[in-house]
Amino acid sequence: MTRKAAKPPLEQQVIWLIGASSGIGEALVHQLADRCLQLVISARNEDKLDQLSCKYQRISSIVADVTDLASMQQAARYIEDGFGRIDTVIINAGTCEYVDVQAFDSALFQRVLDTNLMGTVHSIEVALPLLRNSQRGYLVGVASSVTYLALPRAQAYGASKAGMRYLLESMRADLASEQIDVSVVSPGFVKTPLTDRNDFPMPMRISADEAAVAIVKGLQGRPWDIHFPKRFTRLMQWLAALPACARLAISRKTSTNSVKEASDER
Ligand SMILES: NC(=O)c1ccc[n+]([C@@H]2O[C@H](COP(=O)([O-])OP(=O)(O)OC[C@H]3O[C@@H](n4cnc5c(N)ncnc54)[C@H](OP(=O)(O)O)[C@@H]3O)[C@@H](O)[C@H]2O)c1
């Protein structure tokens, strides 16, 4: 059996953070910029990337859209030319749209799956050759704790994140022999521009800074699932372990369609 190479400490790592221009990604920039060897940040919003990168020394930015393979290939070439390798890639880019089952719309699914799932696939395709140049590469994808339990109106978002989880778990199995570690990140509710649009209660919501601290702490140990806040994710995991009939009853209770059905019956 080959001995595992040591995990390089953060200060020796070239890190590519994909989806760095707002929310959790932006908070991660502030956590990582002064602690790693080189941080490369990407997203679509060039002004925001420039604002962030001029605050730190060992940071560079590149505009890249995860839905566009050519632009991701260009970003990877930029990293290869500058640094020759990636030690950690954090695929954080994501979007969320909720489904109205009364107006079921495949175009909405296409948008969400293109960014969250195909965006992850594109990111992996371009990052993998550079992770192989690291002494012990690390592939990290930000999915969601929504994957523990199917929630109402989250059909598109939940399917994209569940797909991401499966993809990453399967990558973890296949990449183990190449000494490339893989983690999924499963946040509960985090206050960001994405969740500021939500019109429902978000129990145990934490700040983007708290989320970034939890992620960076998780990155040191490289466990399979970096989930937080624990009081929320443990509850979701417990609910997920219930028999299907109990789980489905709980999901149904939180559906606005069930509320409508109950009021129609009255
Ligand atoms: N907030 C939560 O409660 C929560 C919970 C669980 C999981 N998550 C996940 O955490 C991640 C970050 O979410 P957030 O809440 O911080 O949202 P956010 O503030 O909206 O940030 C999303 C980030 O993704 C980037 N992005 C979106 N589409 C992109 C594209 N096509 N190409 C490249 N970058 C793209 C955005 O940059 P540009 O617009 O500049 O491209 C931005 O930097 C997402 O994957 C989300 O699903 C969030």
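All residue numbers in this chain count up from 1 along the given sequence. For ligands, and for the atoms within them, numbers begin at 1 and follow the listed sequence. On a predicted model such as this, the values are computed, not experimentally measured, just so you know.
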*Asks:* Using a cut-off of 6.0 Å, state whether more than 12 heavy atoms not belonging to Gln57 lie near its atom CD.
*Replies:*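 No - once you tally the heavy atoms of other residues, nucleotides and ligands closer than 6.0 Å, there are 12 at most.
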
*Asks:* So which bit of Ala143 gets within less than 4.0 Å of ligand 1, heavy atoms only: side chain, backbone, both or neither?
*Replies:*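 Backbone only; the side chain of Ala143 stays clear of ligand 1.
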
*Asks:* Between Thr233 (side chain) and Pro229 (backbone), is there a donor-acceptor pair under 3.5 Å?
*Replies:*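 Between the backbone of Pro229 and the side chain of Thr233 there is a qualifying donor-acceptor contact (under 3.5 Å).
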
*Asks:* Do Leu37 and Phe83 have side-chain heavy atoms sitting under 4.5 Å apart?
*Replies:*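 They are not in side-chain contact.
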
*Asks:* Does at least one non-hydrogen atom of Ser186 fall below 4.0 angstrom from an atom of ligand 1?
*Replies:* no

*Asks:* Would you call the rings of Tyr148 and His227 parallel, tilted or perpendicular, where under 30° means parallel and over 60° means perpendicular?
*Replies:* perpendicular

*Asks:* Measuring from atom 5 (C) of ligand 1, which candidate in Gly188, Ala212, Pro193, Ala20 has the nearest non-hydrogen atom?
*Replies:*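 The option holding the nearest heavy atom is Gly188.
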
*Asks:* Is a side-chain N or O of Ser160 found less than 3.5 angstrom from the main chain of Leu117, in a donor-acceptor match?
*Replies:*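 Judged by distance alone, no pair lies under 3.5 Å.
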
*Asks:* Using heavy atoms and a threshold below 4.0 Å, how should the contact between Ala64 and ligand 1 be classified: side chain, backbone, both, or neither?
*Replies:*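 It is the backbone that gets close, since no side chain atom is under 4.0 Å.
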
*Asks:* Between Asp65 and Ser71, does any side-chain donor sit less than 3.5 Å from a side-chain acceptor?
*Replies:*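 The answer is no; no qualifying pair exists.
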
*Asks:* Could you check whether Gln38 and Ser60, counting side-chain N and O atoms only, form a donor-acceptor pair closer than 3.5 Å?
*Replies:*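 Result is yes, a qualifying pair exists.
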
*Asks:* Using side chain to side chain donor-acceptor pair (under 3.5 Å), reason through Asp114 and Thr67 one step at a time and then give a plain yes or no.
*Replies:* CA-CA 6 Å; Asp114 272 354; Thr67 65; over 6 Å; no

*Asks:* Locate the shortest heavy-atom distance separating Arg58 from Ala33; write the atom from each residue and the value.
*Replies:*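 Nearest pair, atom of Arg58 first, then Ala33: NH2-O, 4.2 Å.
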
*Asks:* Below 4.0 Å from ligand 1: does a non-hydrogen atom of Lys161 turn up there or not?
*Replies:*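 A heavy atom of Lys161 does come that close to ligand 1.
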
*Asks:* Show the atoms of ligand 1 that are less than 4.0 angstrom away from any heavy atom in Ser22.
*Replies:* 16 (O), 18 (P), 19 (O), 20 (O), 21 (O), 42 (C), 43 (O)

*Asks:* Taking only heavy atoms of Gly23 into account, list the atoms of ligand 1 that are under 4.0 Å away from them.
*Replies:* 16 (O), 19 (O)

*Asks:* Looking only at heavy atoms, which two atoms of Leu239 and Arg247 are closest? And how far apart?
*Replies:* O-CG, 3.3 Å

*Asks:* Could you establish whether Gly119 and ligand 1 come within less than 4.0 Å of each other, counting only heavy atoms on the residue side?
*Replies:*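 Flag not set, Gly119 not near ligand 1.
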
*Asks:* Looking only at N/O atoms, are Val190 and ligand 1 under 3.5 Å apart anywhere?
*Replies:*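 Yes - when backbone and side-chain N and O of Val190 are compared with those of ligand 1, one distance drops under 3.5 Å.
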
*Asks:* Determine whether the side chain, the backbone, both or neither of Thr192 has a heavy atom under 4.0 Å from any heavy atom of ligand 1.
*Replies:*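 Just the side chain.
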
*Asks:* Provide the number and element of each atom of ligand 1 under 4.0 Å from a heavy atom of Tyr157.
*Replies:* 6 (C), 7 (C), 8 (N), 9 (C), 46 (C), 47 (O)

*Asks:* I'd like the name of whichever of Gly94, Gly141, Ser71 reaches closest to atom 22 (C) of ligand 1 through any heavy atom.
*Replies:* Gly94

*Asks:* Just let me know how Thr195 lines up against ligand 1, side chain, backbone, both or neither, with a heavy-atom cut-off below 4.0 Å.
*Replies:*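 It is the side chain that gets close, since no backbone atom is under 4.0 Å.
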
*Asks:* Angle class for the Tyr56/His30 ring planes (parallel below 30°, perpendicular above 60°, tilted otherwise)?
*Replies:* tilted

*Asks:* Would one find an N or O of Phe189, backbone or side chain, under 3.5 Å from an N or O of ligand 1?
*Replies:*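 For ligand 1, there is no N or O atom that lies under 3.5 Å from one belonging to Phe189.
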
*Asks:* Nearest heavy atom to atom 25 (C) of ligand 1 wins, so pick from Pro187, Gly19, Ala208.
*Replies:*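 The option holding the nearest heavy atom is Gly19.
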
*Asks:* Among Ala93, Ala75, Ser160, whose heavy atom sits nearest atom 35 (C) of ligand 1?
*Replies:* Ala93

*Asks:* Heavy-atom distance to atom 39 (O) of ligand 1: which of Met164, His122, Arg44 wins?
*Replies:*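 Going through Met164, His122, Arg44 one by one, Arg44 has the nearest heavy atom to atom 39 (O) of ligand 1.
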
*Asks:* Find all atoms of ligand 1 within a distance of less than 4.0 Å from any non-hydrogen atom belonging to Thr115, and give their numbers and elements.
*Replies:* 28 (N)

*Asks:* Verify whether one side chain among Ser144 and Arg165 offers a donor that lies under 3.5 Å from an acceptor in the other.
*Replies:* no

*Asks:* Is Thr95 in contact with ligand 1, taking contact as a heavy-atom separation below 4.0 Å?
*Replies:*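 No, Thr95 has no heavy atom closer than 4.0 Å to ligand 1.
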
*Asks:* To check your reading of the model: name the closest protein heavy atom to atom 17 (O) of ligand 1, its residue, and the distance in Å.
*Replies:* Leu194 CB, 3.3 Å

